Amino acid sequence: MNISTRMIVSLTVVTVLAGLALAFCYEIFKDKIDQNAVKALNDSINEVIPGAVSKEDISKDDMVMYKVYDKPLSDDTKNFLGYAIVVNAGGYQGTIKLIVSVTPDFSKIITFRVLEHSETPGLGAYITSTGFISQFESLSLNQPIKVKKGVANKDANEISAISGATISSKAVTNGLNEGLAKAKILILGSNQ
Amino acid sequence: MSILYSALLMGGTGLLFSIFLVIANKTFHVEIDPRISQIEETLPGVNCGGCGYASCASYAEAIVKKGAKLNQCVVADKDTLDALGTIMGTKVVKGEKRIAVVMCRGDRESAKFPGIYRGIKDCAAAIYSGDVAKRCKYGCIGLGSCVSSCPFDAIKISAHGIPVVSLDKCTGCGNCVEACPRGLIELHPVSQKIHVYCKSHDPGAIYKTVCTNACIGCGLCVKAAEADGKSDALKTADNLVIVNYDNYQLKPEYIEKCPTGAINIEQNIIIK
Amino acid sequence: MSSKKPAIYHFLKGFWEENPVFVQILGTCPTLAVTATAVNGIGMGLATTFVLILSCVVVSIIKNLIPNEVRIGVYTVIIAAFVTLADLFLKAYFPDLSKSLGPFVPLIVVNCIIFGRIEAFSAKNNAWLSFLDALGNGLGFTITLIIMGSIRELLGKGTWFGIPVLLSFYKPMLVMILPTGAFFTYGTLMAISNALKQKS
């Protein structure tokens, strides 16, 4: 066959074979990959809400949100422990992905964890440290959280920025404020 | 049936792009004379540049399209030249082999080295070090830029620090000629065995402080040639004797009176 | 004009004589980007080796069937298929590593080592030699990445493969795990490699 036909046949055959092989491989690995994602999510929920056993997906409008219980969903004696909400914040180097837990009446933050970030090691990366995170625990959700450089007044809903990483600190705080405000409206309605 | 869908999608994309490439191939097609690739395969494929072209491929193209001479390849042996002749339908006669000649005998024993050079192992770089590398401003520095440029391993730095050319490996491609920053290497026919191995214009009065193998332009060899009736074989200019290569007529008797050994025979160095 | 070399040479040259990182200077992007830790180095190295071997062998088997005009497209599809396979495998069985390597696993498709070896070697040699060449280059790349990753992790964090080694008395030099440190380490190691080569 002439060169043009050979060109068409060889490229098409290779792409078809590659497509078949990849689709086949995807089927093989798909389940394990999904399992990993579910496990990662459950692990992070367990970290922000201790004692979590089951969750109910109430995600809406691009916000990933869960109601978390201390017993399996089928168990009627289960207690509602709180909400677990995934928040995305614009950080210094890229998106910061957080999972934050709030009390069942949406009045206070329980805690949060950083799922993904690309902040500078040694500076912005301190947003993952317990020292930084613990400042947010039990802060009220009735007013926005404020960032202060230097000493912060916890009663006034303030947290202290990481020295040398004000942008990352502000990113997390603003992300939490905005994300939780949006989640509050979606969950409790706009008149709260 | 996502497997089938994936295969169709990939295959469809492949099909589309291959058709695009077929069209591009036809649009940008260049008619190539098959003799060009035949000649290119016959040539040695070293891409040394000795023929005067950048690569064997461009020389092949020049032969077919621009009528370049078939005997320009310095590396080709008789069989290769005959094969070239057969492809183009002509006879080929090989020109006389030329080899590289290094016009300097200022080695570690004869030349003065005022300091120790510790820098980049490149002759052009060393020139910028001032006189540290070697006192003679015209002579060979011996760091081996010529050695690195040779595609045939035909030139090496001797134990005394001066390049020596291997007569059997040198093809006269000229890469070392280009590489020498002081222009000390020249290509000459193998039959020419006597040369003035110096390019220094330093006056005779100081030559002992610079290099004892220097040519001081005393002209004794010129007079010997004149006495033999060959008055245009050699001439002096600015403390240096120049050989007439357009009409090469040197004989061994001319060099006997040389006080420094600068004018000498290739294989048989007279040590003074 | 090259002499016939024994097959084992094509395997060994990837480690020192034609080391992809310091001699061929290919694959610089992942070398600098993922060597902040030793485990990332070994992960990226092995993933690249896997893709390199499969791509080189497949190409050397089918090289005579592919017309010259489409070879770039065909080779790229083959490489991309194997990279996707490696990516899926990592996501399934090494999710933490996959996450920390991030976008650099898909970037293996355009890692110059792979296309470089295919064009320079596999397209002109048989499957066995191509396999040896790919294996040698890949393992040479991996070892180099481990060395770079170890140096950067030890000096930049005081740990090695996550195990604290220097932590007690040593204050880590943070710059080593930043891009600056990557260039420092790369340059220094290349200078050492060149110096050793010049001596021999």
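Atom set for the values below is all heavy atoms of this structure, side chains included, hydrogens, waters and symmetry mates excluded. No experiment lies behind these values; they were computed from the predicted model shown. Per chain, numbering begins at 1; letters A, B, ... match sequence-line order.
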Checklist entry - Which is it for C:Lys99 and A:Glu116 under the side-chain contact (heavy atoms from CB on, under 4.5 Å) test, yes or no, and what are the steps along the way? => result CA-CA 9 Å; C:Lys99 229 168 149 198; A:Glu116 280 170 26; 3.7 Å; yes
Item to check | C:Lys91 and A:Asn36: CA distance, side-chain angles, deciding distance, side-chain contact (heavy atoms from CB on, under 4.5 Å) verdict | outcome: CA-CA 8 Å; C:Lys91 283 199 162 89; A:Asn36 288 341; 5.9 Å; no
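At least one side-chain heavy atom of A:Lys32 sits less than 4.5 Å from a side-chain heavy atom of C:Tyr93.
A pairwise comparison of heavy atoms in C:Asn64 and A:Arg6 identifies O-NH2, 3.7 Å as the closest pair. Counting all heavy atoms, side chain and backbone alike, A:Ala18 lies closest to C:Val77 at CB-CG1, 3.8 Å.
In the displayed structure, A:Lys170 atom NZ is contacted under 6.0 Å by at most 12 heavy atoms of other residues, nucleotides or ligands. For CZ of C:Phe183, the number of neighbouring non-hydrogen atoms (other residues, nucleotides, ligands) closer than 6.0 Å is 12 at most. Within a 6.0 Å radius of OH in C:Tyr9, other residues, nucleotides and ligands contribute more than 12 heavy atoms. The neighbour count for A:Tyr26 OH, taken as heavy atoms of other residues, nucleotides or ligands under 6.0 Å away, does not exceed 12. Counted within 6.0 Å of CZ on C:Phe104, heavy atoms from surrounding residues, nucleotides or ligands total more than 12; the atom is thus considered enclosed. Within 6.0 Å of NZ in A:Lys148 there are 12 or fewer heavy atoms belonging to other residues, nucleotides or ligands. Other residues, nucleotides and ligands contribute at most 12 non-hydrogen atoms within 6.0 Å of the OH atom of A:Tyr126. Annotation for A:Tyr92: atom OH does not count as buried by contact number, only 12 or fewer foreign heavy atoms lying within 6.0 Å.
With values rounded to the nearest 0.5 angstrom, C:Ile66 atom CD1 is found 8.5 Å from A:Leu11 atom CG. The CG atom of A:Leu22 sits 7.5 Å away from the CG atom of C:Leu88 when rounded to the nearest 0.5 Å.
Looking at C:Phe89, both its backbone and its side chain come within 4.5 Å of chain A, counting heavy atoms on both sides. For a residue to count as touching a neighbouring chain, one of its non-hydrogen atoms must lie under 4.5 Å from one of that chain's; by this rule A:Gln35 does not touch chain C. Of the two parts of C:Leu65, only the backbone, made up of N, CA, C and O, holds a non-hydrogen atom closer than 4.5 Å to a non-hydrogen atom of chain A. The parts of C:Leu85 that come within reach of chain A are both its backbone and its side chain, each placing non-hydrogen atoms under 4.5 angstrom from that chain.
Contact annotation for residues 99-111 of chain A against chain C (heavy-atom separation below 4.5 Å): no residues qualify. Listed by sequence position, the residues of residues 54-77 of chain A in contact with chain C number zero, using a 4.5 angstrom heavy-atom cutoff.
Put simply, of C:Ala92, C:Pro95, C:Gly156, the one with the most heavy-atom pairs under 4.5 Å next to chain A is C:Ala92.
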